[in-house]
Amino acid sequence: MKLVAGFATSLLALSICEAFSPLYNNGVRPATSQKTTYSILRAETLEGWKIDGKIKPVNNFILIKKAEDQKQTETGILLSNTAKIVKTEGTVVEIGPGKLHPDSGKPFPMPVEAGDSVIYGKYDGTELKIDGSTHCLIRDDDILVKFKGGPLTEENVEVVNECVLVFVETRETETSGGLLLATGSDDQKRPSTGVVVKVGPGKMASNGELIPMNVEVGDNVKFLDFAGNEIKIGEKEYSVVKMPEILAKF
């Protein structure tokens, strides 16, 4: 039963063979002014089931191959299975055609392409095994940042849609014994102010145009407490927040 349940879950975001292709309006895909293309993956097994067909994400789902979990610290200390660091990072394998705007029916552009590396939210996505390798299905809205060309750096990182990458500097306090402790603001909250480092292209309006972003690189911003997702680039900490979560700039 567990295997069958896992397989059924995967079918929520995958189509296997043409019988599960995404169709609209009694089998006819609506005409759009933008050519829609998406990838198809051939595989032999899905969730342990032998299949003979095509696997392709539908709607705005993206299939990624997960990066391996970190099994040792940067200083070389081996971690146990329970202590190893689970990464929410991977490489895009296939992308769906994208979702349609609910008012105009115009297709939202997919923000990534096959080969891009992405970092997504800690609790996002559905894991599945394809040919023995761990993959994950995520929505385009789950993507925090994307990058190409090796390890993630401030130079090659990009944000998508209406996201903004903000550098947040944690404050340090010193104990009576001289030990430095990193803290956030009041009550140990993470800081909700920082400097804009990267700005996404914006969200698409019903007419197909991108809504302008009201911040730019170098702005100091205040965003909602507890908003955004934390990521680490090198030794620095950042927050990825959406434009509506930003309250003011200064």
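Hydrophobic clustering, with ILVMFWY side chains joined whenever heavy atoms are under 4.5 angstrom apart, groups Val168 together with Val215. Linking Ile, Leu, Val, Met, Phe, Trp and Tyr whenever their side-chain heavy atoms come within less than 4.5 Å leaves Val195 and Val164 in two separate clusters. Val118 and Leu152 fall into different hydrophobic clusters, where Ile, Leu, Val, Met, Phe, Trp and Tyr are joined by side-chain heavy atoms under 4.5 Å apart, directly or via other members. Val241 and Leu144 are members of different hydrophobic clusters when ILVMFWY side chains are connected at heavy-atom separations under 4.5 Å. Connection of Val157 to Ile119 is established within a shared hydrophobic cluster, with ILVMFWY side chains joined at heavy-atom distances below 4.5 Å, either directly or through further cluster members.
Here the closest non-hydrogen pair linking Pro201 and Leu210 is O-CD1, 3.7 Å. Closest approach of Gly228 to Glu245, counting heavy atoms only: N-OE1, 3.8 Å. Contact between Tyr238 and Phe167 at its shortest, heavy atoms only, is CD2-CA, 3.6 Å. Shown here for Pro97 and Pro57, the closest heavy-atom pair between the two residues is CD-O, 3.9 Å. Across all non-hydrogen atoms, the minimal contact from Asn214 to Lys249 is O-NZ, 2.8 Å. Residues Gly200 and Met213 approach most closely at O-CG, 3.4 Å, considering heavy atoms.
Two residues are said to be in side-chain contact when any heavy atoms from C-beta on lie closer than 4.5 Å; Phe147 and Thr153 fail this criterion. A heavy-atom distance below 4.5 Å is found between the side chains of Val166 and Phe223. Residues Leu46 and Leu128 are in side-chain contact: their nearest non-hydrogen atoms beyond the backbone lie under 4.5 Å apart.
The number of heavy atoms from other shown groups lying within 6.0 Å of OH (Tyr123) does not exceed 12.
Residue Thr134 forms a side chain to side chain donor-acceptor pair (under 3.5 Å) with just one option from Lys129, Lys66, Lys65, and that option is Lys129.
Sorted by first and then second residue, the pairs that involve residues 115-124 and meet salt bridge (charged side-chain N to carboxylate O under 4.0 Å, His left out), not counting sequence neighbours, are Asp116-Lys148. Residue pairs satisfying the salt bridge (charged side-chain N to carboxylate O under 4.0 Å, His left out) criterion with at least one member in residues 131-146, sequence neighbours excluded, are listed as follows: Lys99-Asp141.
Thr126 contributes atom OG1, which lies 11.5 Å from atom CG of Leu63 (distance to the nearest 0.5 angstrom). Atoms CG and CG, from Asn59 and Leu100 in turn, are 8.5 Å apart once rounded to the nearest 0.5 Å. Atoms CD and CD1, on Glu94 and Ile64 in that order, are 12.5 Å from each other to the nearest 0.5 Å. With rounding to the nearest 0.5 Å, the separation of CE in Met243 from CD in Glu162 is 9.0 Å. Between the CD1 atom in Ile211 and the CG atom in Asn161 there is a gap of 11.5 Å [rounded to 0.5 Å]. Rounded to the nearest 0.5 angstrom, Leu137 CG and Glu127 CD are separated by 10.5 Å.
In summary, Asp219 and Lys222 do not engage in a salt bridge, as defined by a charged side-chain N under 4.0 Å from a carboxylate O.
Within the 3.5 Å criterion, the main-chain N or O of Asp225 finds no donor-acceptor partner in the side chain of Ser192. In this structure a side-chain-to-backbone donor-acceptor pair under 3.5 Å is present from Lys198 to Glu154. Formation of a donor-acceptor pair under 3.5 Å by the Thr88 side chain with backbone atoms of Tyr120 is found in this model.
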Exercise. Go through Ile143 and Ile138 one step at a time and tell me if the side-chain contact (heavy atoms from CB on, under 4.5 Å) criterion holds.
Key: CA-CA 8 Å; Ile143 296 174; Ile138 61 174; 3.9 Å; yes

Quiz item: What's the verdict on side-chain contact (heavy atoms from CB on, under 4.5 Å) for Ile62 and Met110, showing C-alpha distance, side-chain angles and the deciding distance?
Solution: CA-CA 9 Å; Ile62 299 166; Met110 292 295 279; 3.6 Å; yes

Quiz item: Could you walk me through whether Glu44 and Lys50 pass the side-chain contact (heavy atoms from CB on, under 4.5 Å) check?
Solution: CA-CA 6 Å; Glu44 296 182 357; Lys50 289 185 177 181; over 6 Å; no

